[in-house]
Asker: 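Below are the structure tokens for one structure; questions will follow.
All figures in this text were calculated on a predicted structure; none of them were measured in a lab.
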Amino acid sequence: DVLYNGNVVELRNPAAAKKLGIQIVYQEVDMALVPTLSVAENVMFNDMVMNMGHKQFVNYGKIRKDAKEALARLNIDIDVRRWCGTLTLAQKQMVLIARAVQNSCNFLILDEPTAPLSDTETEELFRVVRHLRETENIAIIFITHRIQEVLQICDSYTVMRNGQIVDTTPITSQTTSKEIVDKISISKINKKSYSSYNLFKNNIGNSEKLYILQRYGLIKTTMFIDNLIRDNISFNIGELHFDFKTFITKTKAIIIEMIW
């Protein structure tokens with residue numbers, strides 16, 4: 001069941017979700033934008049397509065004005081007359097967020113929003129997320145595989161397995177990467193599915209272990225690796241044991257090569 005403010009609701013299509021103020025920004029931003037339309041037209045796309053009624057003419061002055069206001073709410077400076085095809089990925093993402101909040105938005109779902117972004121662009125995204133939460137009073141579901149981002153931007157985290165919630169826990173100053181990794185490792189690794197690769201034997205090589213860690217988002221940046229070395233984290237995935245103090249320090253060069 002889907003509960004909305006404590007009540008069971010049926011969401012049969014995106015239009016039904018939008019009527020409840022549920023908006024989503026997908027990871028594939030280019031699929032949701034029209035590159036040959038302006039920023040203003042893309043921000044106001046829902047109004048232009050869904051809310052025209054019996055109107056036969058588009059008031060482009062109002063379209064540009066409303067788009068500017070939507071971007072200004074996020075403190076984003078993008079020329080609304082630019083073609084969307086000329087924007088960076090980060091700018092396109094901001095256009096989609098502006099489109100979402102321009103409509104009635106109570107819940108905003110961000111689907112792996114940092115995947116295509118640089119560190120600087122990610123910080124700008126986090127600024128916008130905090131602004132929406134604190135100023136616009138919008139609840140945000142932040143979908144990511146990057147554990148450090150969960151600790152940095154979220155108030156709580158939820159681990160799911162096969163469409164079911166495994167655990168929901170508030171994030172406090174005591175929350176650690178190891179705590180989240182332990183829950184992810186239980187929920188994301190299916191021993192039966194990977195038996196053909198023989199990944200769950202302790203005698204496999206470091207390169208195979210590195211593959212598992214990278215494949216499941218447990219290693220993303222050298223900063224995270226350094227934290228693991230310093231924190232001396234160890235955990236199990238199935239029957240496979242990881243001890244980062246001994247494992248990472250010996251193979252850091254290999255990890256960096258795989259990441260970059």
Side-chain angles (χ1 to χ4, degrees), residues 14 17-52 55 57-146 148-155 171 220-221 223:
K18 289 179 180 179
K19 284 182 180 179
L20 294 176
I22 302 171
Q23 304 285 344
I24 185 167
V25 175
Y26 294 99
Q27 180 179 350
E28 298 80 8
V29 293
D30 285 317
M31 300 294 291
L33 295 171
V34 182
T36 54
L37 293 182
S38 68
V39 169
E41 291 168 307
N42 274 281
V43 170
M44 304 301 298
F45 191 79
N46 291 335
D47 279 359
M48 294 179 66
V49 174
M50 304 295 294
N51 301 327
M52 285 293 290
K55 297 178 183 178
F57 300 97
V58 176
N59 184 341
Y60 281 99
K62 186 175 187 307
I63 291 294
R64 288 190 287 269
K65 176 177 177 294
D66 290 346
K68 284 182 180 179
E69 291 177 354
L71 290 167
R73 285 174 61 185
L74 305 178
N75 295 317
I76 296 172
D77 183 20
I78 301 177
D79 185 354
V80 296
R81 295 176 182 267
R82 282 184 63 180
W83 299 121
C84 259
T86 67
L87 302 179
T88 66
L89 281 173
Q91 289 174 322
K92 291 175 181 177
Q93 196 171 68
M94 296 303 172
V95 169
L96 287 176
I97 294 176
R99 178 197 291 178
V101 301
Q102 186 275 329
N103 294 275
S104 175
C105 183
N106 300 316
F107 292 90
L108 177 62
I109 302 173
L110 299 177
D111 179 22
E112 298 195 52
T114 61
L117 303 184
S118 67
D119 290 343
T120 301
E121 292 167 338
T122 296
E123 285 301 319
E124 175 63 12
L125 172 67
F126 285 176
R127 180 195 65 77
V128 171
V129 168
R130 293 187 184 99
H131 170 79
L132 292 174
R133 180 184 61 193
E134 298 167 4
T135 305
E136 302 285 339
N137 197 30
I138 294 175
I140 298 173
I141 299 176
F142 191 91
I143 302 172
T144 183
H145 295 293
R146 300 179 177 179
Q148 291 302 302
E149 293 178 355
V150 174
L151 296 174
Q152 185 176 353
I153 196 66
C154 298
D155 298 314
I171 293 177
K220 289 297 181 182
T221 66
M223 180 183 297

Asker: To the nearest 0.5 Å, what is the distance between CG on L132 and CG on N137?
Answerer: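 CG of N137 is found 10.5 Å from CG of L132.
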Asker: Determine which pairs satisfy salt bridge (charged side-chain N to carboxylate O under 4.0 Å, His left out) with at least one residue from residues 92-106, sequence neighbours left out, and list them in order.
Answerer: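 Counting only pairs at least two positions apart or across chains, the salt bridge (charged side-chain N to carboxylate O under 4.0 Å, His left out) contacts touching residues 92-106 are D30-K92.
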Asker: What's the separation between atom NZ in K68 and atom NZ in K65, rounded to the nearest 0.5 Å?
Answerer: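 Taking NZ in K68 and NZ in K65, the distance rounds to 10.0 Å.
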Asker: Do the non-hydrogen side-chain atoms of I63 and M48 ever get within less than 4.5 Å of each other?
Answerer: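 Answer yes - side chains close enough.
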Asker: Looking at F142, I want to see if its CZ is surrounded by more than 12 non-hydrogen atoms of other residues, nucleotides or ligands under 6.0 Å.
Answerer: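 Counting other residues, nucleotides and ligands, CZ of F142 exceeds 12 neighbours.
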Asker: Any side-chain heavy atom of K18 within less than 4.5 Å of one from N46?
Answerer: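 Sidechains of N46 and K18: in contact.
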Asker: Is there a side-chain contact between Q93 and T88 (heavy atoms, below 4.5 Å)?
Answerer: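 Counting from C-beta outward, Q93 and T88 never come under 4.5 Å.
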Asker: Around atom CG of D77, are there more than 12 heavy atoms of other residues, nucleotides or ligands at under 6.0 Å?
Answerer: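 For D77, atom CG is not crowded (no more than 12 foreign heavy atoms under 6.0 Å).
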Asker: Is there a side-chain contact (heavy atoms from CB on, under 4.5 Å) between L125 and I97 once you walk through the steps?
Answerer: CA-CA 10 Å; L125 172 67; I97 294 176; 3.7 Å; yes
Asker: With salt bridge (charged side-chain N to carboxylate O under 4.0 Å, His left out) as the criterion, how do R127 and E123 come out once you've worked through the C-alpha distance, each side chain's angles and the decisive distance to 0.1 Å?
Answerer: CA-CA 6 Å; R127 180 195 65 77; E123 285 301 319; over 6 Å; no
Asker: Looking at R73, is its backbone amide N or carbonyl O close enough to the side chain of H131 to form a donor-acceptor pair, meaning the two atoms are under 3.5 Å apart?
Answerer: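 Side chain of H131 to backbone of R73: a pair is present.
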Asker: Nearest 0.5 angstrom please: D47 CG to Q102 CD, how far?
Answerer: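 The CG atom of D47 sits 4.5 Å away from the CD atom of Q102.
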Asker: Which residue is it: M44, R81, E41? I am looking for the one with a side chain to side chain contact (heavy atoms under 4.5 Å, CB included) to Y60.
Answerer: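 Looking at M44, R81, E41, the match for Y60 under the side chain to side chain contact (heavy atoms under 4.5 Å, CB included) is E41.
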Asker: Starting at CD1 of I141, measure out to CD1 of I109 and round the result to the nearest 0.5 Å.
Answerer: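 That separation rounds to 4.5 Å.
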Asker: Considering all heavy atoms of both residues, which atom of P116 and which atom of E121 are nearest to each other, and what is their separation?
Answerer: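 Heavy atoms of P116 and E121 come nearest at O-OE1, 4.3 Å.
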Asker: Looking only at non-hydrogen atoms, find the nearest pair between A98 and A70 and report the distance.
Answerer: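 Taking A98 first and A70 second, the nearest heavy atoms are O-CB, 4.0 Å.
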Asker: Distance alone, cut at 3.5 Å: any donor-acceptor contact between the side chains of E124 and Q91?
Answerer: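 E124 vs Q91: no donor-acceptor pair found between side chains.
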Asker: With rounding to the nearest 0.5 Å, note down the distance linking CD1 in I171 to SG in C154.
Answerer: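 So the gap between those two atoms works out to 5.0 Å.
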Asker: Mind running side-chain contact (heavy atoms from CB on, under 4.5 Å) on V101 and E136 for me, showing each step along the way?
Answerer: CA-CA 9 Å; V101 301; E136 302 285 339; over 6 Å; no
Asker: Any heavy-atom pair between the side chains of Q152 and F126 that's under 4.5 Å?
Answerer: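 When only atoms from C-beta onward are counted, Q152 and F126 do touch, with a gap below 4.5 Å.
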Asker: Taking salt bridge (Lys or Arg N to Asp or Glu O under 4.0 Å) as the definition, give me every residue that meets it alongside R133, ordered by chain and number, with sequence neighbours left out.
Answerer: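 Salt bridge (Lys or Arg N to Asp or Glu O under 4.0 Å) check on R133 returns D155.
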Asker: Can you give me the closest heavy-atom contact between I143 and P113, atom names plus distance?
Answerer: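 It is O-CD, 3.6 Å.
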Asker: Please evaluate residues L33 and L96 with respect to the criterion side-chain contact (heavy atoms from CB on, under 4.5 Å), reporting the C-alpha separation (whole Å), side-chain torsions for both, the decisive distance (0.1 Å), and the verdict.
Answerer: CA-CA 8 Å; L33 295 171; L96 287 176; 3.4 Å; yes
Asker: Could you tell me whether the side chain of V95 reaches within less than 4.5 Å of the side chain of V29, counting heavy atoms only?
Answerer: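 With C-beta onward as the side chain, the pair stays apart.
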Asker: Could I get the full list of side chain to side chain contact (heavy atoms under 4.5 Å, CB included) partners for F107, not counting sequence neighbours?
Answerer: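 Once residues adjacent in sequence are excluded, the partners of F107 under the side chain to side chain contact (heavy atoms under 4.5 Å, CB included) criterion are Y4, I22, A139.
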Asker: If every non-hydrogen atom of T86 is compared with every non-hydrogen atom of W83, which pair is closest and at what distance?
Answerer: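 That would be OG1-O, 2.7 Å.
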Asker: Inspect the surroundings of CZ in R82 and state if more than 12 heavy atoms from other residues, nucleotides or ligands are less than 6.0 Å away.
Answerer: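 Count over threshold, so yes.
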Asker: Determine the minimum heavy-atom distance between T114 and R146, stating which atoms define it.
Answerer: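 Looks like O-NH1, 3.3 Å.
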Asker: Could you state the interatomic distance from CD (Q23) to CG (N106), rounded to the nearest 0.5 Å?
Answerer: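 Answer rounded to 0.5 Å: 9.0 Å.
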Asker: Taking the side chain as every heavy atom from C-beta outward, state whether I153 and T144 have any atom pair closer than 4.5 Å.
Answerer: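 When only atoms from C-beta onward are counted, T144 and I153 do not touch, as no gap falls below 4.5 Å.
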Asker: For S38 versus C84, what's the shortest heavy-atom pair and its separation?
Answerer: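 Heavy-atom minimum between the residues: O-SG, 4.2 Å.
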